[in-house]
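Let me begin by presenting the structure, written as structure tokens, before commenting on it.
Along the sequence shown, residues carry numbers from 1.
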Amino acid sequence: MKLTDTPGISPARAKALKESGILSPEDLIHYFPRTYLDRRTILKIRRLKGSGEKVTVMGTVSAVGVSGFGRKKRYEAILQDDTGQLKGVWFKGISYFKKTIKKGEFYAFFGTVRLFGRFLSMAHPEVEQLSSTDAAGQDQQRQQRFTGIIPIYPGNQFFKNTYITSGLLRKWILLILDRIHIPEFLPQELLARFGYPDRQTAFRHIHTPESPAQHQKALERFKFEELLLFELSVVTLKKEVFDKTPGLVMAGTKPFSSRFFNEVLPFKLTAGQIGALGDIKRDIRSGQQMNRLLQGDVGSGKTVVAIGAMLMAIDSGYQAVMMAPTEILAEQHYHSLSEWLNAIGVTIRLLTGNQKKALREDILTDISGGKAHIIVGTHAIIQESIRFHRLGMAIIDEQHRFGVAQRAMLREKGDNPHILVMSATPIPRSLAMTLYSDLDLSIIRDLPPGRKEIVTRVLKESERNKLHRFMTEQLREGGQIYVVYPLIEESEAMDLKNATEGFDQLRVEFPDVQIGLLHGRMPSIEKDQVMQDFKKNRVQILVSTTVIEVGVDVPNASVMVVEHAERFGLSQLHQLRGRIGRGARQSYCMLMTDVKQSKEARSRLGTMEETGDGFRIAEADLKLRGPGDFLGTRQSGLPEFRYADILNDQYLLEIAKNTALELLEADPELKRHESAALRRKFFPYLEEKKKFFRMS
Ligand code: ADP
Ligand code: MG
């Protein structure tokens, strides 16, 4: 069946639909309503009070016109039902509404009603045109509209050049549903268990529900089926791809660990650190390969846990590798590991992108010959063709920058080391379940004792003098300061210019102070030099682009100034703020913003003033930006769901997971008769997933 087989879908309209990705009648029935107009909630205009209530009204537009001038210019339309009048008012998009809201036509307005003078009005109501210009079946359609629940499709503006109303879509979809046969693929037993309608009925309940509850159940069914397919693939892949290798046995005879914890470590482990180390120990003794995600807020002390894990491997005669997302962070890990571990005879080698050939050869020889116990580098470098002598443990720091694919690659690399992934971005459980479905989870919930709360302030440009005085004072007291500029995605050059200009400006403002500049394009030797100078307090102000975002540790630095703070995501600001508050000094985070920032941006930044809890901040950030943006879309490996929303449908995800486990437990290849349709649907889906894991 083609789209144009449906009465009313002309070739021109079919083309317009195609441009929106609707290619076939099947696609059209998958085009779900945006909302519903429940006849029972439509109010008569006479009953409205105008006290800010949110309602739907229905009637004929009896007059339209533009009034006012300048900023008060607006388009107005009087909507009339058999009991009274109400005015719709549009300040924006006047020319668009002039075209779409016409005198004599029939509409529903939804919005907030207020009383202005003696006139009820709605500012920028949502509008649905209810009378179609399409002559065919108009009377019958009108009748249908007056009973039951009316689906409202994202129409009109979506089909740019061709006028396709919600009413037309509704008509076409009903016609298609009458003609098409939609096969079921969920086993009957599951439908019965969860009380779901079969697929054909479910489509009907979506497009012409008799009650909100009926619609709800149908929608849940569609969410469930996609979550079930996803979870079936997770369970299968985990078995096929990830669990196929037995874990390396770690007997642990050489006593590096005990010397480190007893003689070197200058503090007591927190409960969270002890818990995580316990999980790791259990994993590497289980006979299975460890695949664990360690989550902990910035500054919770994940590095020590990583060291513990690496020493467990080294104690058993294996090597360990630690990978970081940036060269700066890799170098810093190298320095701090060396400080702690050289004393007990652990050999650490750092591999970077621009080492001299002779040095590099030397390092590679140490790695392949087994002389190097720990290898530190960026993940890009480690992925190159390094030959390890006996790799037993791989640590991936700051995981949210690594995709699922990279982890799979590492697993396929040689010895199948145990893997510990570390992330400072706390994400809700449901997100972790989908994103890191192949990982077990350890969480550090506590911070090392004695941390002082960081004072955070949002400052406007007009308060820059205040900032300057504050910085002077802090420097006089011996403090050190970070000044960070945002990454401007479209233009790395702009980004650099901002930071460079800021750097020059500060040199003028603070002539007696040593100021360093750090950005992503510097040769790594210079980067390292600047970082070391800052760490040793030879530099007091460090001006930087976001290269310092993750992991940098300079305890004496107590002030973080973020320029153009409104351009950062909240989680990113939290990461930046995590650079300070690491020493004895009271720390301050100053968020500089443009004057013209929106209300929304201000309340967003307000969250930073209110809380220092990374989990709460991540939650707020996620709600504002959605999972895709939050994680950095493509890189994240986040599966895309059409109907389910992993933030809000967490309970359903759990149910789908348990159902998948149960189905595959009883029938690993879905060979039973009642699973035949599910199998036909599932295997192509699984192939796609496999491709993703290997290649993306
Ligand atoms: P993150 O989890 O952000 O990677 P780090 O591992 O960099 O945190 O640790 C932050 C700081 O806290 C480091 O200076 C580290 O030495 C210190 N630290 C870690 N664990 C403890 C502890 N149990 N007690 C005191 N300080 C600790
Ligand atoms: Mg860290």
Gln216 meets the side chain to side chain contact (heavy atoms under 4.5 Å, CB included) criterion, sequence neighbours left out, with none

Here the gap from Glu563 atom CD to Met592 atom CE, rounded to the nearest 0.5 Å, amounts to 5.5 Å

- Task: Without swapping roles, check the side chain of Glu231 against the backbone of Leu228 for a donor-acceptor pair under 3.5 Å.
- Result: no

Taken to the nearest 0.5 Å, the spacing of Met393 CE from Ile419 CD1 works out to 10.0 Å

Taking atom types as modelled, is there a side-chain donor on Asp397 or His333 under 3.5 Å from an acceptor on the other? yes

Rounded to the nearest 0.5 angstrom, the CD-OH distance for Glu220 and Tyr651 is 4.0 Å

Residues passing the salt bridge (charged side-chain N to carboxylate O under 4.0 Å, His left out) test with Arg114, sequence neighbours excluded, are none

Value for CG (Asn556) from CD1 (Ile580), rounded to nearest 0.5 Å, stands at 12.0 Å

Distance col, row Leu591:CG vs Phe568:CZ, nearest 0.5 angstrom, shows 9.5 Å

- prompt: Does the side chain to side chain contact (heavy atoms under 4.5 Å, CB included) test come out yes or no for His564 and Thr593, once each step is laid out?
  reply: CA-CA 5 Å; His564 303 292; Thr593 64; over 6 Å; no

Nearest heavy-atom contact between Pro125 and Trp90 is CG-CZ2, 3.5 Å

Q. After noting the C-alpha distance and the side-chain angles of Gln295 and Leu441, does the key distance pass the side chain to side chain contact (heavy atoms under 4.5 Å, CB included) rule?
A. CA-CA 7 Å; Gln295 265 193 11; Leu441 186 61; 4.3 Å; yes

Heavy-atom check, side chain of His335 versus side chain of Met531, under 4.5 Å:
no

query = Could Glu509 and Arg464 be called an ion pair, given the rule that one side-chain N must be under 4.0 Å from one carboxylate O?
reply = no

In the structure I gave you, are the side-chain heavy atoms of Met322 and Met310 within less than 4.5 Å of one another anywhere? yes

Legend entry - Backbone of Ala394 reached by a side-chain donor or acceptor of His418 within 3.5 Å: no

Sequence neighbours excluded and cut-off under 3.5 Å, please list the side-chain donor-acceptor pairs for residues 297-309, or say none.
| from | atom 1 | to | atom 2 | distance (Å) |
| --- | --- | --- | --- | --- |
| Asp297 | OD1 | His574 | NE2 | 2.7 |
| Asp297 | OD2 | His574 | NE2 | 3.4 |
| Asp297 | OD2 | Gly614 | N | 3.0 |
| Ser300 | OG | Asp297 | O | 2.7 |
| Lys302 | NZ | Gly296 | O | 2.9 |
| Lys302 | NZ | Asp297 | O | 3.4 |

Contacts of Arg282 meeting salt bridge (charged side-chain N to carboxylate O under 4.0 Å, His left out) (sequence neighbours excluded), chain-then-number -> Asp279

Quiz prompt | Ring geometry between Tyr643 and Phe222 (parallel below 30°, tilted from 30 to 60°, perpendicular above 60°) | solution = tilted

Sequence neighbours excluded, the answer for side chain to side chain contact (heavy atoms under 4.5 Å, CB included) partners of Arg604 is Leu570, Glu600, Leu624

_Tell me if a side-chain donor or acceptor on Gln505 pairs with a main-chain N or O of Phe503 at a distance below 3.5 Å._
no

Exercise. Is the number of heavy atoms from other residues, nucleotides or ligands within 6.0 Å of CD (Glu477) greater than 12?
Worked result: yes

Check your understanding: Any side-chain heavy atom of Met422 within less than 4.5 Å of one from Ile396?
Key -> no

*Is Thr378 close to Pro325 at the side-chain level, that is, under 4.5 Å between some pair of heavy atoms?*
no

Side chain proximity check, Arg292 to Val421, heavy atoms < 4.5 angstrom
no

Next on the checklist: Counting only heavy atoms not in Lys281 (residues, nucleotides, ligands), do more than 12 fall under 6.0 Å from its NZ?
Outcome noted: no

Scanning both residues in full, the closest heavy-atom pair of Val264 with Trp340 reads CG1-O, 3.3 Å

Any side-chain heavy-atom pair from Leu269 and Leu277 closer than 4.5 angstrom? yes

Separation between NE2 (His215) and OH (Tyr36), nearest 0.5 Å, reads 3.0 Å

For Val458 and Glu463 the tightest heavy-atom approach is O-OE1, 4.3 Å

Exercise. So, does Asp621 use its side chain to make a donor-acceptor pair with the main chain of Ile617 at under 3.5 Å?
Worked result: no

Heavy atoms of Val539 and Gln480 approach each other most closely as O-NE2, 2.9 Å

Met522 vs His519, test: side chain to side chain contact (heavy atoms under 4.5 Å, CB included). Steps then yes/no.
CA-CA 6 Å; Met522 279 162 59; His519 59 80; 3.4 Å; yes

So salt bridge (Lys or Arg N to Asp or Glu O under 4.0 Å) across residues 532-544, not counting sequence neighbours, yields Asp533-Arg538

Pair Leu653-Gln650, side chain to side chain contact (heavy atoms under 4.5 Å, CB included): steps then yes or no: CA-CA 5 Å; Leu653 186 67; Gln650 190 166 330; 5.5 Å; no

Would the distance check show the side chain of Ser587 and the main-chain N or O of Gly581 forming a donor-acceptor pair, the cut-off being under 3.5 Å? yes

Quiz prompt | Validation row, ring centre His468 to ring centre Phe510 under 6.0 Å | solution = yes

Nearest heavy-atom contact between Thr607 and Ala620 is CG2-CB, 4.2 Å

* **Minimum side-chain heavy-atom gap Val89-Met122 below 4.5 Å** => no

### Message
Would you say that Met560 contacts Tyr588 through its side chain, given a criterion of any heavy-atom pair below 4.5 Å between the two side chains?
### Response
no

For Leu475 and Gln540, the nearest pair of non-hydrogen atoms, with its separation, is CD2-CB, 3.8 Å

Exercise for the section: Would you confirm whether Gln575, through its side chain, and Ser571, through its main-chain N or O, come within 3.5 Å as a donor-acceptor pair? Expected result: no

